[in-house]
Each structure stands twice: as C-alpha cells, then as structure tokens.
Amino acid sequence: MGKYIVTNNPLVKEKLEDFVTVEYLDVDYPGLLEAVRDLVHQGAILLTHPLSGSVKPNETPYKSVLLTEGSDKLTDLESIKLIESAILTAKKFIEDKPDFERNFTERVRKDCQLIDYTLIYSALPSAGISTI
C-alpha cells in the first residue's frame, strides 16, 4: 500500500517530497482536515493522528497528516471516527478566534511550519519511510 502525506505546509512539501508522496493543498487548517476526511471516505487509512502534537488548531495554520492507501471497497471506521472528531475539535477551537490566521507574523508562520514538519518527520520511520 502506498503511503503519502497530505499537507498545507510548504516546508513539508519542500523537505519531504523526495522521500514520500506529498499532496500539498493551499487550504486552511479545517480545509486540510476536510480534505483528509474525503480521502478517508474514499478508503485511505490514517497513519498519524489528525491532531498530533500539543499544538492546538487555533495556534497554527499548518497541518500534515500521513495516510496509506486502503481498499476501494472498505472504509476504515477508526480513521473516520478520528478525522470527524478532529474536524469538530478544530472548528471549535477556531470558532473562538475567527481571524486567527491573520494574527501570525511571517516569523511565527515559519516557526509553525517547522513544528509541523518536525512532527510529521518524526512519524516517518514508524511508517517504514526512510529519509536517508
């Protein structure tokens, strides 16, 4: 089964596309989770938790999720539960700060990109993906 990353983080695309398929989407955090949900409904299986790390959805505009291709005939119920719950949680956090993305300076955005990159990079060995 093929493994791939879905991300809205340009640093993840830049640093990891030589080692794993990276699907870069120009969307906000909830939009990224919704795109992942659509893939899960098409049979993809989550390999990383959609809310991994201790960074709350209203504290970063970036998210990367590692998935694997699943069966066209079967939908992974655990993945559906996780992604649907993550979408609700993200929207709840962001509802309190509807303008949250405008509050990030370029420096903070770069820091958020690095944090997200570090989180997804650390998950790759567990998925059997080498970056060496």
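From a predicted model like this one, the values you see are computed outputs, not experimental measurements.
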Looking only at heavy atoms, which two atoms of [X] and [Y] are closest? And how far apart?
X: T68; Y: K3; answer: OG1-CG, 3.8 Å
X: P61; Y: R109; answer: CG-NH1, 3.6 Å
X: Y24; Y: P10; answer: CE1-N, 3.6 Å

Contacts satisfying side-chain hydrogen bond (donor to acceptor under 3.5 Å, both in side chains) that involve residues 115-132 (not counting sequence neighbours) are N9-D116, S64-D116, Y121-T131
Distance, nearest 0.5 Å, that separates [atom1] of [X] from [atom2] of [Y]:
X: E78; Y: L82; atom1: CD; atom2: CG; answer: 5.0 Å
X: K63; Y: N8; atom1: NZ; atom2: CG; answer: 9.5 Å
X: E59; Y: I94; atom1: CD; atom2: CD1; answer: 11.0 Å
X: L67; Y: I83; atom1: CG; atom2: CD1; answer: 8.0 Å
X: E69; Y: T21; atom1: CD; atom2: OG1; answer: 8.0 Å
X: I45; Y: D76; atom1: CD1; atom2: CG; answer: 5.0 Å

message = Pair L25, T7 - check side chain to side chain contact (heavy atoms under 4.5 Å, CB included), show working.
response = CA-CA 6 Å; L25 303 174; T7 187; over 6 Å; no
task: Give the intermediate values and the outcome of side chain to side chain contact (heavy atoms under 4.5 Å, CB included) for residues R37 and L33.
output: CA-CA 6 Å; R37 177 200 55 207; L33 295 180; over 6 Å; no
Looking at side-chain heavy atoms only, is the closest gap between [X] and [Y] below 4.5 Å?
X: I5; Y: E23; answer: no
X: K91; Y: E34; answer: yes
X: L16; Y: L11; answer: no
X: I129; Y: L66; answer: yes
X: Y4; Y: L39; answer: yes

Establish whether [X] and [Y] are linked, either directly or via other cluster members, by ILVMFWY side-chain heavy-atom contacts under 4.5 Å.
X: L47; Y: V40; result: no
X: Y29; Y: V36; result: yes
X: V22; Y: V6; result: no
X: L51; Y: I120; result: no
X: L88; Y: V55; result: no

Applied to residues 31-61, the ring pair (Phe, Tyr, Trp, His ring centres under 6.0 Å) test, sequence neighbours excluded, yields none
Check: Is the backbone of K92 close enough, under 3.5 Å, to the side chain of E95 for a donor and an acceptor to pair up by distance?
Finding: no
Side-chain (T89) to main-chain (S85) donor-acceptor, under 3.5 angstrom
yes
E17 meets the salt bridge (Lys or Arg N to Asp or Glu O under 4.0 Å) criterion, sequence neighbours left out, with K13
